[in-house]
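Some notes on the structure that comes next.
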Amino acid sequence: NVDADEVISQALRQEIRALLSQPRIEADGYAVKIVEVLPGEESPAEGAHGLSAVRLYRRSRGSYNPSPVHDRVEMADGAVTARLRGVVEHHSILTLDQFAAKLSAYSALQAADAHRRGRRVSSLRVGVEFPYAFLRAYVGRRQFRRGVVGFLMALHYALFRTTRMAKIHALGSENRTLRALLALDTP
């Protein structure tokens, strides 16, 4: 499956056609790398962040999980998965303002889901999340290679992660100021 803001690369398209033309397909599901393409880019930048997800699968051996925030395919026990080399280009970011609004809304959904599942986050974790997440994105995901653009992406990623942790913490807290600040008590 492909989301509306995703484009299958030519290499992946050819790889899928070759796979489907085989008389016998060995795997039950195939993971592909989904790579972020930013505004102004025609293709993923070298070192662009990506994640791997199963996107091509036998419906009898895999299905989407019921979570409202983690839209991924879960394969049945014993299902065989393989990886395709081509990529899916993900064009989800239109502007930094749109990206920030999307991350804010998504953090609320993720926090509510985590809280429902009994997850708790300490105030210490909230406090260390920003520098940890920034370094993970800027250095670990090599965003530093993208200059100012990479810095801004790492900054937004760290803010998203920290806000999500703060919301999970606040949902388990009686601190009315914190809950109001994070808009958790609004209808």
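We count residues from 1, following the sequence as given.
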Which value, rounded to the nearest 0.5 Å, describes the distance between [X] atom [atom1] and [Y] atom [atom2]?
X: R85; Y: Q14; atom1: CZ; atom2: CD; value: 11.0 Å
X: Y106; Y: F160; atom1: OH; atom2: CZ; value: 7.0 Å
X: S21; Y: I16; atom1: OG; atom2: CD1; value: 12.0 Å

Heavy-atom pair with the smallest gap, counting every atom of [X] and [Y]:
X: G127; Y: P131; value: O-CD, 4.0 Å
X: E15; Y: L84; value: OE2-CA, 3.4 Å
X: V7; Y: H91; value: CG2-CD2, 3.9 Å
X: S107; Y: T163; value: OG-CG2, 3.8 Å
X: D5; Y: K102; value: OD2-NZ, 4.4 Å
X: E89; Y: E42; value: OE1-O, 4.3 Å

Taking atom [atom1] as the centre, does [X] end up with more than 12 heavy-atom neighbours from other residues, nucleotides or ligands that are less than 6.0 angstrom away?
X: Q10; atom1: CD; value: yes
X: E174; atom1: CD; value: no
X: Y132; atom1: OH; value: no
X: R13; atom1: CZ; value: yes

With side chains defined as the heavy atoms from C-beta onward, is the minimum distance between [X] and [Y] less than 4.5 Å?
X: V35; Y: V88; answer: no
X: M153; Y: L38; answer: yes
X: L152; Y: F99; answer: no
X: P39; Y: I93; answer: yes
X: L51; Y: K33; answer: no
X: V32; Y: V87; answer: no
X: V126; Y: V121; answer: yes

Exercise for the section: Report the C-alpha distance between R83 and S52 in whole Å, list the side-chain angles of each, state the deciding distance to 0.1 Å, and finish with yes or no for side chain to side chain donor-acceptor pair (under 3.5 Å). Expected result: CA-CA 9 Å; R83 178 179 303 277; S52 182; 2.6 Å; yes
Handout entry: Any donor-acceptor N/O pair, T162 side chain to A158 backbone, under 3.5 Å
Key = yes
Exercise for the section: Verify, without hydrogens or angle tests, whether Q98 (side chain) and S92 (backbone) share a donor-acceptor contact under 3.5 angstrom. Expected result: yes
Practice task
Output, in order, the C-alpha distance, side-chain angles, deciding distance and verdict of side-chain contact (heavy atoms from CB on, under 4.5 Å) for E26 and V80.
Solution key: CA-CA 8 Å; E26 299 296 325; V80 176; over 6 Å; no
Handout entry: Test side-chain contact (heavy atoms from CB on, under 4.5 Å) applied to S122 - qualifying residues, sequence neighbours left out
Key = L124, R125
Quick check: is [Y] connected to [X] through a chain of hydrophobic side chains (ILVMFWY, heavy atoms under 4.5 Å apart)?
X: L159; Y: M165; answer: no
X: V37; Y: L94; answer: no
X: M75; Y: L56; answer: no

Practice task
May I ask you to say whether E6 pairs ionically with R55, meaning some side-chain N is under 4.0 Å from a carboxylate O?
Solution key: yes
Practice task
Kindly state whether the ring of F134 and the ring of F151 have centres lying under 6.0 angstrom apart.
Solution key: yes
Do any side-chain atoms of residues 136-146 form donor-acceptor pairs under 3.5 angstrom with protein atoms, and if so which ones, sequence neighbours left out?
from : atom 1 : to   : atom 2 : distance (Å)
R136 : NH1    : Y157 : OH     : 3.2
R141 : NE     : H49  : ND1    : 3.4
R141 : NH1    : H49  : NE2    : 3.4
R145 : NH2    : E46  : OE2    : 2.9
R146 : NH2    : E41  : OE1    : 3.2
R146 : NH2    : E41  : OE2    : 2.2

